[in-house]
Amino acid sequence: MKLRLIEKSDLDLFVQNLINDYQVDGVKRKEGSFLYGSIKSPEELCLDFDCTVIPPKKYFLPPEETLFQFTSSPALQVTPVMESNPFILFGVHPYDIKAINQMDRIFARGVPDPHYLKRREAALIIGVDPTKVAPRSFWADMGAATVSEGFDLMLTDIGESFIVEIGSNKGRSLLEQHAKPRPATRNEARERVGIRSRISHICKKRGFAFPKREIPTLLEHSWKKFFWEEQASKCLSCGTCNLVCPTCYCFDVQDNIDLDLVHGERVRRWDGCLLHDFAKVATGENFRETRASRYRHRFYRKGLYLFRLLDDMACVGCGRCASACLPDIADPVNLFNKLREDEK
Ligand code: SF4
Ligand code: SF4
């Protein structure tokens with residue numbers, strides 16, 4: 001693996017050069033929180049954040065998008081709407097890259113989703129290793145402290161400079177054309193290993209009290225437990241835990257028809273399995289009418305159903321759900337540890 005190094009004093013120039021040539025989005029500080037947004041000058045970009053409120057999934061699966069427009073007269077005509085302008089996403093933590101890698105697999109399987117895949121293809125991802133750990137994060141326990149793929153460049157802050165790992169040929173060209181890197185020395189590469197290990201150690205203070213590979217079996221034996229009723233009794237069915245989760249990707253599809261009854265469009269919007277109407281069908285029946293059944297479904301989805309597909313949990317340990325849930329019942333660490341205790 002070839003590592004490069006950029007001096008911190010040269011980083012602003014790198015970012016400015018990228019802004020001159022590309023649409024650049026990255027993490028910005030706003031009233032004590034961190035949010036992804038458009039970066040218009042290097043000073044706006046924040047790389048020492050702990051966790052953003054909303055994950056970067058919105059760049060590939062927007063909260064709302066038009067899939068196609070149609071007209072029914074004189075003959076049915078359907079025009080796909082594909083938005084895929086090239087852009088750079090600067091400052092994505094490894095756990096969020098792991099989530100994007102999972103989404104890539106999901107949206108490419110079966111009938112591939114051209115809307116997601118086109119946006120993904122148009123993106124250059126510049127990752128950054130975390131320097132801080134959010135209070136509810138447990139990404140180190142989820143094997144998401146580092147990633148080996150899914151980025152074009154990966155930056156690690158080693159003090160006066162950033163080590164840069166090249167993840168793709170596009171990343172290599174981007175770096176060579178827009179920055180002044182030099183090869184990293186062995187000592188600098190070793191520093192990166194030490195820094196990564198220290199931050200992982202801090203993050204490991206939160207995690208499962210048992211091996212996470214046991215979670216699918218634990219869930220297979222827990223379907224009928226009163227436990228779910230108890231846990232879900234405080235649930236507000238607000239769906240926030242779904243919306244802030246980097247691995248939740250469910251959406252609803254709706255046709256909007258103009259008053260002329262000839263033109264219209266099909267749109268899709270984020271949906272969430274905790275919302276009351278998520279499993280409601282056209283006849284009015286709701287397959288998950290109760291809060292407990294919806295709440296249980298979310299954890300089965302993360303720890304069993306998607307586990308079977310991905311051979312890994314559909315949770316990367318960002319802790320966003322735990323931080324955002326008002327009654328504090330969405331945290332996978334607390335939930336699975338309690339479920340395991342209940343099993344004994
Ligand atoms: S678990 Fe928490 S965040 Fe999720 S729907 Fe219930 S109250 Fe809202
Ligand atoms: S379930 Fe919670 S901790 Fe896991 S990836 Fe989703 S938001 Fe992050």
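In each ligand, atom 1 is the first atom listed, and ligand 1 is the first ligand listed.
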Trainee: State whether E65 and K58 are salt-bridged, where the test is any N-O pair (Lys NZ or Arg NE/NH1/NH2 against Asp/Glu carboxylate O) under 4.0 Å.
Mentor: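 No, no charged N to carboxylate O under 4.0 Å.
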Trainee: Can you label the angle between the F49 ring and the H93 ring as parallel, tilted or perpendicular, going by 30° and 60°?
Mentor: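 Aromatic pair F49/H93 classed parallel.
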Trainee: Taking only heavy atoms of G319, which atoms of ligand 2 are found under 4.0 Å from at least one of them?
Mentor: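 Numbered from 1, ligand 2 contributes 3 (S), 8 (Fe).
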Trainee: How far is atom 5 (S) of ligand 2 from the closest protein heavy atom, and which atom is that?
Mentor: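 Checked against all protein heavy atoms, atom 5 (S) of ligand 2 sits closest to V316 N, 3.3 Å.
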Trainee: Strictly by ring-ring contact (aromatic ring centres under 6.0 Å, His included), give each pair with a member in residues 55-78 just once, sequence neighbours left out.
Mentor: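 Listed by first then second residue: Y59-F87.
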Trainee: Would you say the ring centroid of H115 lies under 6.0 angstrom from that of F107?
Mentor: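 Centroid distance H115-F107: not below 6.0 Å, so no.
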Trainee: Identify, by atom number and element, the atoms of ligand 2 in contact range of F138, meaning under 4.0 Å from any of its heavy atoms.
Mentor: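 Those of ligand 2 that fall under 4.0 Å from F138 are 3 (S).
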Trainee: What are the atoms of ligand 2, with element, lying closer than 4.0 Å to any heavy atom of K302?
Mentor: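 Per the distance check, 1 (S).
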Trainee: Is there a ring pair (Phe, Tyr, Trp, His ring centres under 6.0 Å) between F336 and F210 once you walk through the steps?
Mentor: CA-CA 9 Å; F336 286 121; F210 61 98; 7.5 Å; no
Trainee: In terms of side-chain geometry, is the basic nitrogen of K98 or D312 positioned less than 4.0 Å from the acidic oxygen of its partner?
Mentor: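 The answer is yes: the pair qualifies as a salt bridge.
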Trainee: For atom 4 (Fe) of ligand 2, find the nearest protein heavy atom and state the residue, atom name and distance (0.1 Å precision).
Mentor: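 Checking every protein heavy atom, the shortest distance to atom 4 (Fe) of ligand 2 gives C315 SG, 2.4 Å.
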Trainee: Can we call the ring centroids of Y300 and W223 under 6.0 Å apart?
Mentor: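 Ring centres of W223 and Y300 closer than 6.0 Å.
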Trainee: For atom 7 (S) of ligand 2, which of the options C318, A322, A144, A314 provides the nearest non-hydrogen atom?
Mentor: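 Comparing heavy atoms across C318, A322, A144, A314, the nearest one to atom 7 (S) of ligand 2 lies in C318.
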Trainee: Is a side-chain donor or acceptor of E341 paired with a backbone partner of N337 at a separation under 3.5 angstrom?
Mentor: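 Such a contact is absent between E341 side chain and N337 backbone.
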Trainee: Under 4.0 Å from ligand 2, counting heavy atoms only, is it the side chain of M142, its backbone, both or neither?
Mentor: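 Neither; no heavy atom under 4.0 Å.
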Trainee: State whether D141 and K212 are salt-bridged, where the test is any N-O pair (Lys NZ or Arg NE/NH1/NH2 against Asp/Glu carboxylate O) under 4.0 Å.
Mentor: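 Looking at K212 together with D141, the answer is no, because their closest N to O distance does not fall below 4.0 Å.
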Trainee: Quick check for you: within a radius under 2.8 Å, how many protein N, O or S atoms neighbour atom 2 (Fe) of ligand 1?
Mentor: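 If we list every protein N, O or S atom nearer than 2.8 Å to atom 2 (Fe) of ligand 1, we get 1.
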Trainee: Under a 4.0 angstrom heavy-atom cut-off, which atoms of ligand 2 come close to P246?
Mentor: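 Those qualifying, in numeric order: 5 (S), 6 (Fe), 7 (S), 8 (Fe).
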Trainee: Ligand 2 versus R298, non-hydrogen atoms closer than 4.0 Å: side chain, backbone, both, neither?
Mentor: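 Within the 4.0 Å criterion, R298 contacts ligand 2 through side-chain atoms alone.
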Trainee: Could you label the plane-to-plane angle of the Y95 and W139 rings as parallel, tilted or perpendicular, counting under 30° as parallel and over 60° as perpendicular?
Mentor: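 The rings of Y95 and W139 lie parallel, inter-plane angle below 30°.
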Trainee: Treating Y36 as the side-chain partner and L89 as the backbone partner, does any N or O pair qualify as donor plus acceptor under 3.5 Å?
Mentor: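 Flag not set: sc Y36 to bb L89 has no pair under 3.5 Å.
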Trainee: Considering non-hydrogen atoms of the protein only, which is the closest contact for atom 6 (Fe) of ligand 2, and what is the distance?
Mentor: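 Checking every protein heavy atom, the shortest distance to atom 6 (Fe) of ligand 2 gives C245 SG, 2.3 Å.
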